[in-house]
Amino acid sequence: MTDQPVAALTARPLPASLPEARAAIDEVDAALAALLEYRAGLTEQVQLLKPVGGTAGRDPDREAEIVAGMARRAPRLGAERLRRIMTAVIEESLDLAERGAATTR
């Protein structure tokens with residue numbers, strides 16, 4: 001996947017008014033929700049493909065790579081803040097995948 005869809009959203013100049021800024025935040029939030037939903041589905045698929053799933057199958061090196069890549073794309077947020085964000089995303093996605101696996105057994 002490329003950064004093109006995100007670039008189209010972020011290439012616009014920053015809004016000049018409060019209503020425009022809030023509308024832009026709403027657009028970003030909608031895109032984030034769609035991306036998080038898709039990511040959760042990908043996490044479920046990974047859990048099916050991995051020999052050891054769930055928390056036991058977490059790969060700290062892979063998670064560090066994810067954070068490092070995101071920090072390059074979002075330097076204002078910084079690696080530590082992104083680590084906290086992605087830890088929450090990963091943990092919640094794993095929880096969702098585990099709950100989904102439990103309901104299909």
Side-chain angles (χ1 to χ4, degrees):
M1 181 176 207
T2 67
D3 291 336
Q4 287 179 334
V6 174
L9 188 62
T10 60
R12 295 179 277 180
L14 292 177
S17 71
L18 181 59
E20 290 171 343
R22 286 183 172 161
I25 286 172
D26 291 345
E27 283 185 80
V28 170
D29 288 347
L32 278 171
L35 289 170
L36 288 169
E37 178 71 17
Y38 182 66
R39 191 186 195 291
L42 292 171
T43 298
E44 288 183 44
Q45 182 65 15
V46 166
Q47 295 308 300
L48 294 172
L49 298 171
K50 283 171 46 174
V52 177
T55 304
R58 284 182 74 170
D59 182 349
D61 292 336
R62 169 79 176 128
E63 291 178 23
E65 288 173 14
I66 290 168
V67 169
M70 293 181 84
R72 284 191 297 277
R73 289 180 173 88
R76 186 181 318 180
L77 291 172
E80 180 55 28
R81 185 171 282 115
L82 285 163
R83 184 197 59 75
R84 292 191 308 267
I85 292 167
M86 290 313 298
T87 295
V89 168
I90 290 165
E91 288 174 355
E92 294 302 323
S93 295
L94 285 172
D95 180 64
L96 180 63
E98 288 173 3
R99 288 176 191 265
T103 60
T104 58
R105 287 186 194 142

- Query: Where do L9 and R12 land on the side-chain contact (heavy atoms from CB on, under 4.5 Å) test, with the steps shown first?
  - Reply: CA-CA 7 Å; L9 188 62; R12 295 179 277 180; 2.7 Å; yes

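- Within 6.0 Å of CZ in R22 there are 12 or fewer heavy atoms belonging to other residues, nucleotides or ligands.
- Atom CD of E92 is separated from atom CZ of R39 by 12.0 Å, given to the nearest 0.5 angstrom.
- Between atom CG of residue L36 and atom OG of residue S93 there is a gap of 7.0 Å, rounded to the nearest 0.5 Å.
- Scanning all heavy atoms of the two residues, the minimum distance from R81 to R76 falls at NH1-O, 4.3 Å.
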- After noting the C-alpha distance and the side-chain angles of M70 and V67, does the key distance pass the side-chain contact (heavy atoms from CB on, under 4.5 Å) rule? CA-CA 5 Å; M70 293 181 84; V67 169; 5.7 Å; no

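- Atom OG1 in T43 sits 9.0 Å away from atom NZ in K50 (nearest 0.5 Å).
- Scanning for salt bridge (charged side-chain N to carboxylate O under 4.0 Å, His left out) contacts around E65 gives an empty result, with sequence neighbours left out.
- Judged by distance alone, with hydrogens and angles left aside, the side-chain atoms of E20 form a donor-acceptor pair with the main-chain N or O of A16 at under 3.5 Å.
- Take R84 and apply the salt bridge (charged side-chain N to carboxylate O under 4.0 Å, His left out) test, not counting sequence neighbours, and it matches E80.
- The distance from atom CD of E44 to atom CD of E98, rounded to the nearest 0.5 Å, is 11.0 Å.
- The nearest pair of heavy atoms linking A40 to L96 is CB-CD2, 3.8 Å.
- Sparse packing is recorded around CG of L14, with 12 or fewer heavy atoms of other residues, nucleotides or ligands lying under 6.0 Å away.
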- Message: Run the side-chain contact (heavy atoms from CB on, under 4.5 Å) test on R83 and M86 for me, step by step, so that the C-alpha distance in whole Å, both residues' side-chain angles and the decisive distance to 0.1 Å come before the verdict.
- Response: CA-CA 5 Å; R83 184 197 59 75; M86 290 313 298; over 6 Å; no

- Checking side-chain contact (heavy atoms from CB on, under 4.5 Å) for the pair T87/I90: CA distance, chi angles, key distance, verdict? CA-CA 5 Å; T87 295; I90 290 165; 5.9 Å; no

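- Of all the heavy atoms in P15 and A24, the pair that sits closest is CG-CB, 3.9 Å.
- Atom CD of E27 and atom CG of L32 lie 12.0 Å apart (nearest 0.5 Å).
- Of the inter-residue distances, the one linking D61 atom CG with I66 atom CD1 reads 11.0 Å to the nearest 0.5 angstrom.
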